[in-house]
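As structure tokens, the structure follows; a few thoughts come after it.
In this text the structure is predicted, and so the values were computed from the model without any measurement. All residue numbers refer to positions in the sequence shown, counting from 1. For ligands, and for the atoms within them, numbers begin at 1 and follow the listed sequence.
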Amino acid sequence: MKRFNLIFLSALIIAALTLAGCQSQSAGSADSFGNKVDHKIIGIDPGAGEMKLTDQVVKDYGLSNWTVQSGSESTMTAALDKAIKKKQPIVVTGWTPHWMFQKYDLKYLKDPKGIYGKSESIHTIVHKGFEKKDPNATKVLDQFHWTPADMSKVMLSVQNGTDAEKAAAQWVKENPDKVSAWTKGAKKVSGKSIKLGYVAWASEIASTHVIAKVLQDLGYKVTMEQLGAGQMWAGLAKGSDDAIVAAWLPSTHADYLKQFKDQVTDLGPNLKGTKLGLVVPSYVKINSIEDLKD
Ligand code: PBE
């Protein structure tokens, strides 16, 4: 009887060990990066081009046990802040220009398959026909271009608690040369209306408020409409908004441009040198998206 118990017990132990072995093989070793972050990529709003690209990353890098958690830019930065305060691992969808690279020590994970594309630009786009309806405003929108460093100043100031309108007005006041290049050849108007659509991403809050201030100083009555990315593009195509300065091209918003290309006019880049990708705190050991595989 005793002997039987012993054999039974051994068999049980062997079975348990085998099971544990199998499990750790399919879900990665207990201390893998994936297990530490629950196989979750902290994403942003579902309409963002970067979310689509991240779904593609999950497919193409074979990260089938990972989920991309949607939320918003602010839920993403809140999660990042919390993890960094506790020095915990985390992986988020990030982009440049963004104040988070000034506030935290971060790195992009390498993307050897190039899913996030090369460095791109942010374009100014108007509703088709707006060029004819208001060539004066179109001239200013077309001449509007600045650098990631310019944009970062406004973003940081907003991040530090200054209201977006004030931060934009301050930048405009401090950069008369740039502003006069944008308004060169444009006339003052009296109370003409213009509607700008934008998404509440820090970069777009900055650019939209700056160009709005410049148009206001010319006498325009500017309305800014905060929307989701899909709504912003659809609204521009419909003409419920006249212009956006928030189109990330050629990759991030490629599908939106393709869908609405006949109803909009692309005035070209207002900022060059953006970047997208998966971002982790610098203290995290992994360096490539490939390292997310267990
Ligand atoms: N972003 C910021 C946007 C464009 C601007 C990268 C979150 C997107 O993914 O659509």
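When each atom of ligand 1 is checked for a heavy atom of Thr252 under 4.0 Å away, the hits are 8 (C), 9 (O), 10 (O). Of all atoms in ligand 1, listed by their number and element, those nearer than 4.0 Å to a heavy atom of Ile44 are 7 (C). Close approach to Leu276 involves these atoms of ligand 1, each under 4.0 Å from a residue heavy atom: 6 (C). Atom numbering of ligand 1 starts at 1 in the shown order; those under 4.0 Å from a heavy atom of Gly49 are 8 (C), 9 (O), 10 (O).
Within the 4.0 Å heavy-atom criterion, neither part of Val199 lies near ligand 1.
Ion pair Lys133/Asp242 flagged as a salt bridge, since at least one NZ, NE, NH1 or NH2 atom sits closer than 4.0 Å to an Asp/Glu carboxylate oxygen. Ionic pairing of Lys36 and Asp31 is not present here: no N-O contact between side-chain nitrogen and carboxylate oxygen is shorter than 4.0 angstrom. Between Lys128 and Asp262 there is no salt bridge, since none of the side-chain N atoms of the basic residue sits less than 4.0 Å from a carboxylate O of the acidic one.
Looking at Tyr108 and Asn287, their side chains never bring a donor and an acceptor atom within 3.5 Å of each other. Looking at Glu204 and Trp248, their side chains do bring a donor and an acceptor atom within 3.5 Å of each other.
Counting protein heavy atoms only, atom 9 (O) of ligand 1 is closest to Glu50 N, 2.8 Å.
No cation-pi contact links Lys87 to Tyr104, judged by a cut-off of 6.0 Å to the six-membered ring centre and 45° from its axis.
Proximity of His253 to ligand 1 is established by a heavy-atom distance of less than 4.0 Å. Using a 4.0 Å cutoff on heavy atoms, Glu204 counts as a contact of ligand 1.
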